[in-house]
Each structure stands twice: as structure tokens, then as C-alpha cells.
Amino acid sequence: MKIAIKTYGCAANIADTETITGILTTNGHQITTETEADIIIFNSCAVKGPTENRIINAIKQTPKTKKTIIIGCLPKINTERLHNETQINGIAGPSIGENIIELVNRVSSNKENTIIQQQTPKEKPSLTLPKINTNPIISIIPINFGCLGSCAYCAVVFARGKLQSYNIPEIIQRIKTDLTTENICEFWITSQDTAAYGREIGKNLAELLHTIGKVEGEFKVRVGMMTPNMITDMQKELIEAYKNPKIFKFLHFPVQSGDNQVLKKMRRFYTTNEFKASITAFREAIPEVTLSTDIIVGFPGETKQAFENTLQLLKEIKPDITNVSKFFARPKTLAAEIKEGIVPPEEIKQRSTTITTLVKQLSLEKNMQWKNWSGEILVDEKGKVKDSWIGRNFAYKPIVIKSTQNLLGKTVHVKIIKVTETYLIGEIDD
């Protein structure tokens, strides 16, 4: 069977796609383009309304001659819309693992074109399942599924469920296997919330990173998103783990709002002062750590003063990267039930424009500090322009360089000659 896979969303979704690609290929199916495919699998995300709309539109535009399967978070979050607005042949939740084979077989043999509903497995898929990496030198490793949060705006908890962590030996074995059988130079440690890792099995993220840091071999590790209040009880140990040269000095630490009242309504269990204290602790220990944060603009109850407080927080902490999202109420969430303090769409749009202007200025200011820096980078991506490559330095800063050679997976010495808001430009320093 010829199958195409379209992936939306986070690194965990990409990891799911890599696994089902490996499973399907191992079982004799051919992964191909949408044009040639008999079946198109949509591995969906449902964090934001606009993403959901894009997925729905993509399904609608699929030729009726092709069968469609949708997996991932969206079927768990907005099944009703999928049934009402699309013609799909198969449906399942996230992290389907080996069950993708049964679903594909049932859909391909279904002459009635009725919807085949596959139950999502209760157990997380094994880390030993075959997978085909999207990037040949990067291995994405889910360390847990689900989280311990109850954020008012988040619907993903309904899709990914309660916390299920892999044991440290399972994760280490996956890393060692990838190092010996693949050309892996970089690992992405990912989950819905990496800071929640291991809580239900008596472990934590700091312990995991310490253990990974002891694995022999030349490789780097990027740690995924952490909820701020979840690091409090292990902050000292986590900072020590980050000092290991194998760990990229990259901290994805979403604050979501700079106003304590809004944070309370969001059910984010920390204050802005507690957030700033953690940032300060990391920066005192690792001054050049790259800080990435997230902001939601227009959450119900966000007054003009609350928005100003968010702007002020950003000016204080000066993040390297700020992901700005306009608030969209998601199905089944507490935020969808809020009737008071609704921010008008035009006001949300204006606030988004204002904050985007600020974060661009802050990002450029932070990047200017890297002008004339020289050092080693790991080239982990091919650039969009001919003969261009993207590498990462120890702080996971993206650095664009030019070379006619194939540099993917290579470590090269560069000097930064120019900076932009989103990346640095370097030249290979012979």
C-alpha cells in the first residue's frame, strides 16, 4: 500500500510520525507523496484553532479517490467537527504505535467507506519500535506522555492523558542504539512537559539528564518545554545537569502571561516573581543560556494593565525567543466556559501586533551579543538557500553558513559576522 503522512504540531507528533513510518515500512508499505498515495494519514495537532482549521481544510481538499486516516490529538479533542465537516475513513488518537498496521489494513479493505474507529492504546508505545528519522542526524525521543498540569486553556491533556514516563534505562538504551546503528549527532528530549518526567515512578528530569550526560559518544541534547513550577523542587540539580557539555544551553520555559491574576485564571501555578527567580538562577550559573518562552495574548480577564504587565516582564527578562499566540478557546477546556472578561478579537489582534514588535526588538538585542563570537557548531540542518547550512552552537543558537560541501552532522569552527532577529550568520573559520 502506498501511504503519505502529513504531520502537524510539536516534536512529540514528529516522533509519532517517525515511529509509524518505521512500522509501516517494516511491514511492507511504501511511504510516498500525497499525489501517488492510496491512503493519506494526517497526524494532527489541536493546540490552536488556526492549526485545527488548516488540518480540516487539508482533509477537505484531499481527492475523493484517496482514503484518509486522521490520528493524533485532534480526534480526541474535536471528534464532532471531524465527523461533521470531513469525509474520513479511519480515526485514532495519538501515539498509536503498532496499532497503525491494523488501522491501515481495515481502512484499505473497507469497501463501504464507513469510518473505522481505532481505540487508542492505553500503554505508551515501546521505545524499541522501528522508526525512520525525519532528519537523519537527529533522533527525537519521547520521555513521557501526558502531564501533571491542568491549564485552563489546554486541550492536549484530553488527548495525551495522565502522565506515563519511560524508565531511565529504556531511554538510555534508545540513545545507545541510535548512536551505534544510526549517524545520530543530536537528540531531542521531548514530551508535553519534560519537567513532569518521572514523577509517577520516583524519578525526575535532572536525574535523567545526569544519566544521559554519562553516555559515551559525541552528541548533543536539546531539552524540550518545561512548565516553570515543575522545576522548583529540582532546580539546583537541573542546573547542574545543564552544565554537562552534551546538553545544549537552551531553556524552553513558557510564562504565558506577565500578570499574576491572569496566571491564576490560566491555572498556571507560579507567580511572575517565581518565574523570574528561576531564570535568574539559570543565568547566574550559565550566563549564555538561550531562553525561549511563550505568551498567550487575550486570555479572558487580560485587562490593558495585565497586558502592560506582560510587556514589562518581557522587557525585564529579555528572552531570546518568544512564541506569541492569540487566545483561541479550545473544546472541553475551562477557558471555553469563561463568559466574563472576554477580550474583543480586534483588541487581541492589536495586542499581538504590539507584543510581536517588542519581541523582535528583544531577540535582535540578544543576538547582537553574539556578534564576532567564534567557536564550534554542530551542523544539523540543510538551509533553504543553495549551499547553505544551519548549525547550532553550545547555546542552541541557529547559525547559517555557506559551503558547497555536505556538512550535515559535521562539527565546524565558525565566526559570527552578522546577526538578524531570528538567526546568526557565520563564516567557516579555517
Enclosure of Glu170 CD (heavy-atom neighbours >12, cutoff 6.0 Å): yes
Check this for me: Tyr423, atom OH, are more than 12 non-hydrogen atoms of other residues, nucleotides or ligands nearer than 6.0 Å? no
Within this structure, what is the OH-CG distance for the pair Tyr396 and Leu378, rounded to the nearest 0.5 Å? 9.5 Å
Please check this pair: side chain of Tyr8 against backbone of Asn13, looking for a donor-acceptor N/O pair closer than 3.5 Å. no
Atom CD1 in Ile41, atom NZ in Lys6: separation rounded to 0.5 Å? 13.5 Å
Think Lys382 forms a cation-pi with Trp389, using NZ or CZ under 6.0 Å from the six-ring centre and within 45 degrees of its axis? yes
Any sub-3.5 Å donor-acceptor pair from Ser44's side-chain atoms to Ile71's backbone N or O? yes
Using the side chain to side chain donor-acceptor pair (under 3.5 Å) rule, pick out the option among Thr272, Asn260, Asp259 that qualifies with Asn309. Asp259
Quick one: does Ser95's side chain have a donor or acceptor within less than 3.5 Å of a partner on Lys124's backbone? no
Is it the case that more than 12 heavy atoms not belonging to Gln117 sit under 6.0 Å from its CD atom? yes
If we ignore hydrogens and angles and just use 3.5 Å, is the side chain of Thr293 paired with the main-chain N or O of Val255 as donor and acceptor? yes
To the nearest 0.5 Å, tell me how far Lys386 NZ sits from Lys402 NZ. 10.0 Å
Ignoring hydrogens and angles, tell me if any N or O in the side chain of Lys220 forms a donor-acceptor pair with the backbone of Pro245 under 3.5 Å. yes
Sidechain N-carboxylate O distance under 4.0 Å for Asp233, Arg199: yes
Any side-chain donor near an acceptor of the partner, Thr177 and Gln173, under 3.5 Å: yes
Check ion pair Arg351-Glu347 (N to O, under 4.0 angstrom): yes
Check whether any side-chain N or O of Asn244 sits under 3.5 Å from a backbone N or O of Lys246 as a donor-acceptor pair, and report yes or no. yes
Please enumerate all residues that pass ring pair (Phe, Tyr, Trp, His ring centres under 6.0 Å) together with Phe282, with sequence neighbours excluded. Tyr242
Glu52 with Arg330: basic N within carboxylate O range, under 4.0 Å: yes
Enter the distance from Cys154:SG to Leu334:CG here, rounded to the nearest 0.5 Å. 11.0 Å
Correct closest heavy-atom pair for Gly198 and Ser165 would be N-OG, 2.9 Å
Hey, is the main chain of Ala395 close enough, under 3.5 Å, to the side chain of Thr290 for a donor-acceptor pair? yes
Under 4.0 Å between a Lys/Arg side-chain N and an Asp/Glu carboxylate O for Asp193 and Arg268? no
Minimum heavy-atom separation for Ala195 and Met226, please, with both atom names. CB-CB, 3.7 Å
For the pair Thr420 (side chain) and Thr422 (backbone), establish whether a donor and an acceptor sit closer than 3.5 Å, ignoring hydrogens and angles. yes
Kindly say whether Glu123 contributes a backbone atom to a donor-acceptor pair with the side chain of Gln164 at under 3.5 angstrom? no
Less than 4.0 Å between a side-chain N and a carboxylate O, is that true for Lys60 and Glu85? yes
For the CD atom on Glu182, are there more than 12 heavy atoms of other groups (residues, nucleotides or ligands in this structure) within a distance under 6.0 Å? yes
Salt-bridge test for Glu240 and Lys243: reply yes if a basic N is under 4.0 Å from a carboxylate O, no otherwise. yes
Just by modelled atom types, is the Asp294 backbone N or O under 3.5 Å from a matching donor or acceptor in the Thr322 side chain? no
What about Phe327 and Tyr153, are their ring centers closer than 6.0 Å? no
Is there a side chain to side chain donor-acceptor pair (under 3.5 Å) between Asp178 and Ser139 once you walk through the steps? CA-CA 7 Å; Asp178 285 347; Ser139 176; 2.6 Å; yes
Could you check Val419, Ile416, Leu424 and say which one makes a side chain to side chain contact (heavy atoms under 4.5 Å, CB included) with Trp373? Ile416
Taking atom NZ of Lys415 as the centre, does the number of heavy atoms from other residues, nucleotides or ligands within less than 6.0 Å exceed 12? no
How about Ser374 and Asp429: does a side-chain donor come under 3.5 Å of a side-chain acceptor? no
Please round to the nearest 0.5 Å and tell me the distance separating atom CG of Leu238 and atom CG of Leu208. 10.5 Å
Counting heavy atoms not belonging to Asp387, are there more than 12 under 6.0 Å from its CG? yes
d(Lys76 NZ, Thr79 OG1) to nearest 0.5 Å is 8.0 Å
Over 12 non-hydrogen atoms of neighbours within 6.0 angstrom of NZ in Lys418: no
In the structure I gave you, are the side-chain heavy atoms of Leu74 and Arg81 within less than 4.5 Å of one another anywhere? no
Closest non-hydrogen contact found for Val324 with Ser352 is CG1-OG, 4.2 Å
